[in-house]
Amino acid sequence: MEENKSKVTLHGMWASTYSKRVEIALKLKGILYEYVEEDLSNKTESLVQLNPVHKKVPLLVHDGKPVAESQVILEYIDETWKNSPRLLPEDSYERAQVRFWVSYINEQVIEVMRKVLFQEGEAQEKAIEEARERFKVLEEGLKKHFPNKIIRENDDVGLLDIIIISTFGSHKDYHELFGVGIIDPVNTPTLYNWIESLKELAVIKEAEVPSDRLVPFLQMYRQMHLQQAANT
Amino acid sequence: MNQEAQVQVMGLWGSPFSKRVEMVLKLKGTPYEYIEEDVYVQKSPMLLKLNPIHKKVPVLVHQGKSIAESLVIVEYIEDTWKTSYPILPRDPYERSMARFWAKYVDDKVMLTLWKACWGPESEREKMVEEAYEDLKYLEEELGDKQFFGGETIGFVDIAADFIAYWFGIAQEASGVMIMTAEKFPKLQRWSQNFVGNNIIKEVLPPKEKLMALFKAQFGNNASN
């Protein structure tokens with residue numbers, strides 16, 4: 001059998017939103033890939049050797065060359081497979097806007113979401129308030145900078161959409177877990193509708209993690225962190 | 001319309017983030033108007049209007065539109081002024097490597113080095129150890145290249161400006177010696193090449209002024 005010259009492997013983890021980003025991008029572009037599910041408590045030798053600095057998922061391996069960090073991977077995919085959808089816009093200013101809001105989500109929003117997930121009592125309440133503020137900023141930003149957002153087909157999906165759906169797609173599960181919702185049609189209508197539109201796409205539905213699997217995982221993950229914090 | 005007025009940089013004299021933007025503009029020969037924002041004192045109404053989110057510098061204004069986040073700005077400059085002095089390589093894989101290492105410096109190394117010098121006493125030892133680990137990866141990645149970008153200054157070098165210049169001064173001010181010539185000969189050589197570059201040295205803040213700023217910082221910690 002002829003050796004596949006363009007071999008793509010993704011090392012990922014089913015519950016990782018970062019891993020999900022890459023899966024979605026590969027599926028959108030119609031790139032065939034081999035998926036390796038990593039047990040993060042028992043990582044494969046490949047992962048450790050090919051991503052020695054971070055030893056994390058996701059890791060993309062293309063023709064034997066490793067690419068780590070989801071943001072870096074997504075830009076690499078877009079620059080290597082130039083078919084549509086293009087993940088970044090052509091215009092430099094629009095690209096900067098996309099990169100800025102992706103950075104805001106990655107740095108400011110995810111940080112506060114983690115605090116909510118890994119804390120309890122008063123500390124958690126404080127984190128929830130902080131989260132509301134940051135989501136408000138995100139909501140205003142999305143409304144202002146992407147006023148004509150329409151998602152009807154795969155070609156409408158770009159980098160920011162991928163980050164939004166992978167990070168916030170399961171917001172109802174978080175709501176269930178904490179009894180408190182931050183993303184909803186009243187407080188964050190732009191973000192809420194953006195997510196709902198993306199969920200209609202087949203490629204997104206394919207990548208969705210079922211609630212009955214995610215919620216127990218999040219509960220376990222949360223308990224693990226609370227336990228660790230109590231032990232220090 | 002005045003060509004210079006087309007690009008404005010709102011910056012802070014002592015900030016490595018702010019300087020990244022100026023370095024790239026100067027390397028590309030793109031003229032700009034610099035507006036000093038001493039954010040420790042007071043933020044100007046202009047800054048608040050342009051960057052209400054982080055209320056931080058740097059902010060780049062080009063043709064009336066503003067952009068924040070130093071590395072987002074650097075990529076914007078690269079995308080917009082394509083013909084002179086490329087900061088990123090052309091090959092997608094090499095670009096991904098440059099972005100990976102720049103992110104590593106920006107997200108991880110800078111924070112570790114900062115904490116090693118100024119972090120709480122309880123964490124200091126752990127941070128120093130982590131700093132050695134982090135720098136070892138960079139030393140290895142640099143190898144025998146003149147710059148991380150190869151023969152010319154590139155994206156990673158710009159992202160690592162703190163390591164090349166500010167950190168040396170911070171070490172002197174704090175007495176915490178991590179990046180020594182013995183332990184990191186390649187990084188040491190690189191840092192000299194970087195700060196010695198004719199264009200880069202124009203932009204760097206004066207050592208005495210930074211030293212005074214850092215000593216004031218340590219002064220605060222000593223009294224805690």
Side-chain angles (χ1 to χ4, degrees), chain A residues 22 50-56 59-82 87-111 133-134 136-142 144-145 159 232, chain B residues 21 50-56 59-82 88-109 111 122-123 126 130 133-141 155-156:
Chain A
V22 181
L50 295 170
N51 187 9
V53 176
H54 299 296
K55 303 179 181 61
K56 282 187 186 162
L59 178 75
L60 189 83
V61 188
H62 181 210
D63 291 339
K65 296 176 297 190
V67 186
E69 294 295 300
S70 66
Q71 183 62 16
V72 176
I73 296 171
L74 259 45
E75 294 220 35
Y76 173 76
I77 288 173
D78 200 38
E79 289 176 1
T80 307
W81 289 274
K82 298 202 195 350
L87 302 182
L88 280 166
E90 278 296 306
D91 176 71
S92 337
Y93 180 70
E94 287 177 43
R95 286 160 88 94
Q97 281 303 311
V98 167
R99 287 192 175 118
F100 177 85
W101 288 104
V102 166
S103 168
Y104 186 75
I105 291 170
N106 281 339
E107 277 154 44
Q108 306 288 326
V109 183
I110 290 181
E111 187 204 7
E133 276 170 37
R134 302 216 182 154
K136 193 166 166 226
V137 171
L138 179 60
E139 171 70 17
E140 293 304 316
L142 295 179
K144 181 174 176 201
H145 294 282
L159 183 65
T232 28
Chain B
V21 174
L50 294 176
N51 190 11
I53 290 143
H54 294 304
K55 304 182 175 63
K56 284 198 292 209
V59 173
L60 183 92
V61 185
H62 180 219
Q63 294 169 339
K65 295 180 286 194
S66 67
I67 300 158
E69 284 300 297
S70 65
L71 293 182
V72 173
I73 297 172
V74 170
E75 291 237 34
Y76 173 79
I77 295 169
E78 176 74 351
D79 283 343
T80 308
W81 287 275
K82 289 193 234 270
L88 281 166
R90 292 184 65 116
D91 172 69
Y93 187 71
E94 287 177 46
R95 287 164 80 89
S96 78
M97 287 293 97
R99 286 182 175 130
F100 173 86
W101 288 106
K103 189 174 208 296
Y104 180 63
V105 167
D106 202 45
D107 286 355
K108 178 118 196 345
V109 188
L111 189 61
S122 52
E123 271 186 44
K126 184 171 156 236
E130 230 177 275
E133 291 304 312
D134 289 359
L135 289 173
K136 266 195 228 153
Y137 281 123
L138 286 178
E139 176 89 357
E140 202 184 305
E141 172 56 24
F155 194 58
V156 183

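Everything numeric in this text was worked out from a predicted model, so none of it was measured. Below, read A as the first sequence line, B as the second, and so on, with proteins coming before strands; counting in each chain starts at 1.
Using a 4.5 Å cut-off between heavy atoms, A:E140 makes no contact with chain B at all. When heavy atoms are compared at a cutoff of 4.5 Å, A:R95 approaches chain B solely by way of its side chain, counted from C-beta outward.
Residues A:E111 and A:R134 are paired through a salt bridge, judged by an N-O separation under 4.0 Å between the basic side chain and the carboxylate. Salt bridge annotation for B:R99-A:E79: present, with a cationic side-chain nitrogen under 4.0 angstrom from a carboxylate oxygen.
Contact annotation for residues 133-140 of chain B against chain A (heavy-atom separation below 4.5 Å, listed by residue number): B:Y137.
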Pair B:E130-B:K108, side-chain contact (heavy atoms from CB on, under 4.5 Å): steps then yes or no: CA-CA 10 Å; B:E130 230 177 275; B:K108 178 118 196 345; 2.9 Å; yes

side-chain contact (heavy atoms from CB on, under 4.5 Å) evaluation trace for A:H62 with A:W81: CA-CA 12 Å; A:H62 181 210; A:W81 289 274; 3.6 Å; yes

Derivation of the side-chain contact (heavy atoms from CB on, under 4.5 Å) call for B:V74 and B:F155: CA-CA 8 Å; B:V74 170; B:F155 194 58; 3.6 Å; yes

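Using cut-offs of 30° and 60° for the angle between ring planes, the B:W101 and B:Y104 rings count as perpendicular. Note on ring orientation: taking the six-membered ring where Trp is involved, the planes of B:Y76 and B:W81 are perpendicular (angle over 60°, cut-offs 30° and 60°).
Per-residue counts of heavy-atom pairs under 4.5 Å with chain B were compared for A:E75, A:R99, A:Q71, A:E107; the largest is that of A:R99.
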